[in-house]
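Structure record follows, encoded as structure tokens.
From a predicted model like this one, the values you see are computed outputs, not experimental measurements. A note on names: the letters A, B, ... follow the listed sequences, proteins ahead of strands, and every chain is numbered from 1.
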Amino acid sequence: MTKNAEVANILKEIGLLLQVEGKDKFKFLAYLRGVRSITSLGEDITSVADRGELTKIQGIGKGLADAITSYLETGEVELLTELRTRVPVKVMELEAIPGVGPKTIQLVYEKLGITDLEGLERAALEGKLSGLPGLGQKTEEQILSGIGIVKSGLDRTILAEALSIAAKIEGELRTIPGIHQLVIAGSARRRRETIGDIDILVDASDSKLVMDTFVEYRDVSTITAHGDTKSSVRLIGGLQIDLRILPADSFGAGLQYFTGSVDHNVRLRSIAKKKGLTLNEYGLFKGEEKVAGEDEEGIYKALGMTMIEPELREDKGEIEAAQTGELPSLITVDDIRGDLHSHTDQSDGRNTIEEMLDAAETKGYEYYCVSDHTQSLTIANGLDEGRLLKRIEEIDELNASGRWKMKILKGAEVDILGQGALDIEDDVLSQLDVVTVSVHSRMKEEKKIMTERVCHAIENKHVHVLGHPTGRLILKRPEFEIDLEAVFETAAKNNVVMELNAHPKRLDLNAGNLRAAKRVGLKIAINTDAHVISELDNMQYGIFEARRGWVTKEDVINTFPLKKMLGLLKK
DNA sequence: GCCGTTTTCGGCCCGACTGTTTTCAGTCG
């Protein structure tokens, strides 16, 4: 777990415990707001704390800042320790159950002394919950099914998977006659890395037919809501899908509203309020009169700003930038002229070099770099100097063959060894067009050692790109302990490019780190790291993450023509 | 607890849906 996630959890637990204890609900909401800010901070909270700028974060005031500081310095927060003694309830595990909120936790604790998930499950199975004030048979069943979901551990899905599920449902719904508009909204539209649920918005002639078709979709395991304008289902596998019907004349307002984020929308509403307007999912209103709502652009315009792309809607400065017309022009997948990181069956890839090149050529690329693993990665059958030299000759011949219009670049994904040395000799590295270096071993090294190791590796004069700089696997493995600020500084000095690895489970660097890299003037390479033909399509996920990181075409080396791109790599 | 180009006090997004009610509370997004 990253420091930010740890801090977010601590604050959330404090908020929940305060609420269960019966304190003012706005105090609880304030803690939750702080939690959201930190979760989507995009920068190490420790760095912010070191600069003394915690209260500059939206929603963090003196109280929360003190709690954070105390946690970072001592690993403890006095208030939390006290609360845990007074209210010995495992609020975090109870709150994670769908359908269970702070009020229910408070109720079952006070009436039945329930303090954890096991206790709640037992009570539900024994029928002790129904009969409590406000709780009946149905709620009891709902809680039991919610506990099942938590136990299955399937509460979040990576974006790529969510989009593919969404596309299938969309295909199904689009066969219904009279669908005028259909958009996948929510965090999927904002291209968040992981998705908790999918929101589908529909404008249709026969909304009842849409709803009925939706809840009968073949992969539905339970229907949790089935109304006139909103239905919710949970699929086999656990993903929740919400479908909302919107009228045509307020489709844009609904789309804006249900795309979020919450914090972005709260800011927009308050801006509307100051202008004497009200914003809700049906439109932007001046009294009774609707001034905007048919499309999103109209709403942003009426609020005095330019249209904000969904990927930026996180209340991370995009509103201010839109008010002054200073939003960046975000990169698109069409801007990409080549892929600088890919594998073949020479190491751990599945396709031959020819097959990969054929597939890459259909993307319309101007250049394509073959960069297999090197010898230390024995499990991947990495290349030693001899095999690499042969590969260099082979690529010269392939280029000369004229079979491919694009230029084939010679590369390698060179292993960074324990002390930061590389596992290929300099005189071989010097013959490659693109040298990417990556960490594949000893990933649990402590922060100082890992930082020095990576910095040392990128100081090698033949190194062009740092591959997947933090090593994370989304929902699987956290980032390395590494001081990225120091790495960025070293990279800037040595003209080393940061990779944005586009594999949907990596997305490394992430959006927040990309923004930080941009701030120190670093260039980015968005690469698929494809190990098989189909993974060449992963470029789109890299682009999504880049857009979330405010990245423009000019920030990315593989949007430039070959000559200029190679020039940028020169030392 | 946080926040302020009406405010340092008095608000805090708000509507849909469900379940348990008979007018509303809790959850969710």
(message) Checking side chain to side chain contact (heavy atoms under 4.5 Å, CB included) between I200(A) and each of D242(A), V210(A), I241(A), which is the one that passes?
(response) I241(A)

Under 4.0 Å, counting only non-hydrogen atoms across every strand here, what does [X] touch: a base, just sugar-phosphate, or nothing?
{"X": "P133(A)", "value": "nothing"}
{"X": "Y31(A)", "value": "sugar-phosphate"}
{"X": "D228(A)", "value": "sugar-phosphate"}
{"X": "T104(A)", "value": "sugar-phosphate"}
{"X": "L29(A)", "value": "nothing"}
{"X": "K274(A)", "value": "sugar-phosphate"}
{"X": "L279(A)", "value": "nothing"}

Heavy atoms from C-beta onward define the side chain here; which of [options] lies closest to that of [X]?
{"X": "R269(A)", "options": "dA16(B), dC2(B), dC14(B)", "result": "dC14(B)"}
{"X": "D242(A)", "options": "dG1(B), dA16(B), dG29(B)", "result": "dG29(B)"}
{"X": "K27(A)", "options": "dC17(B), dG1(B), dC13(B)", "result": "dG1(B)"}
{"X": "K103(A)", "options": "dG29(B), dG26(B), dA16(B)", "result": "dG26(B)"}

(message) Between E281(A) and K138(A), which residue's closest nucleotide on DNA chain B lies nearer the 5′ terminus?
(response)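 Nearer the 5' end of the strand: E281(A).
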
(request) Take S130(A) and L18(A), find for each the nucleotide of DNA chain B with the closest heavy atom, and name the residue whose nucleotide sits nearer the 5' end. (result)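 Whichever sits nearer the 5' end wins; that is L18(A).
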
(request) Identify whether the glycosidic angle of dT5(B) places it syn (within 90° of 0) or anti. (result) anti

Taking NZ, NE, NH1 and NH2 as the nitrogens, is one of them in [X] or [Y] under 4.0 Å from a carboxylate oxygen of the other?
{"X": "E545(A)", "Y": "R548(A)", "answer": "yes"}
{"X": "R33(A)", "Y": "D263(A)", "answer": "yes"}
{"X": "R192(A)", "Y": "E311(A)", "answer": "no"}
{"X": "K3(A)", "Y": "E6(A)", "answer": "yes"}
{"X": "K447(A)", "Y": "E481(A)", "answer": "no"}

(message) As a test of understanding, state which of E320(A), E314(A), E318(A) forms a salt bridge (charged side-chain N to carboxylate O under 4.0 Å, His left out) with R267(A).
(response)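 Filter result, single survivor: E320(A).
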
(message) When both hydrogen-bonding distances must be under 3.5 Å and the geometry is Watson-Crick or G-U wobble, what is dC17(B) paired with, if anything?
(response)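 Checking every strand shown, dC17(B) finds its partner in dG26(B), with both distances under 3.5 Å.
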
(message) Using a 4.0 Å cut-off on heavy atoms, which residues in residues 71-87 of chain A reach DNA chain B? List them by number, or say none.
(response)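 DNA chain B contact set from residues 71-87 of chain A: none.
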
(message) Nearest whole Å is fine: how far is dG29(B) P from E95(A) CD?
(response) 11 Å

(request) Provide, to the nearest angstrom, the distance between the CD1 atom belonging to I38(A) and the C1' atom belonging to dG1(B). (result)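 Between C1' of dG1(B) and CD1 of I38(A): 13 Å.
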
(message) Can you give me the closest heavy-atom contact between P504(A) and A160(A), atom names plus distance?
(response)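 Taking every non-hydrogen atom into account, CB-CB, 3.6 Å.
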
(message) Would the base of dG15(B) count as contacting Y282(A) through its side chain, where contact means a donor and an acceptor less than 3.5 Å apart?
(response) no

(message) Any side-chain N or O of T229(A) below 4.0 angstrom from OP1/OP2 of dC17(B)?
(response) yes

(request) May I ask you to evaluate whether T224(A) reaches the phosphate of dC17(B), defined as a side-chain N or O under 4.0 Å from OP1 or OP2? (result)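 No, no such contact exists.
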
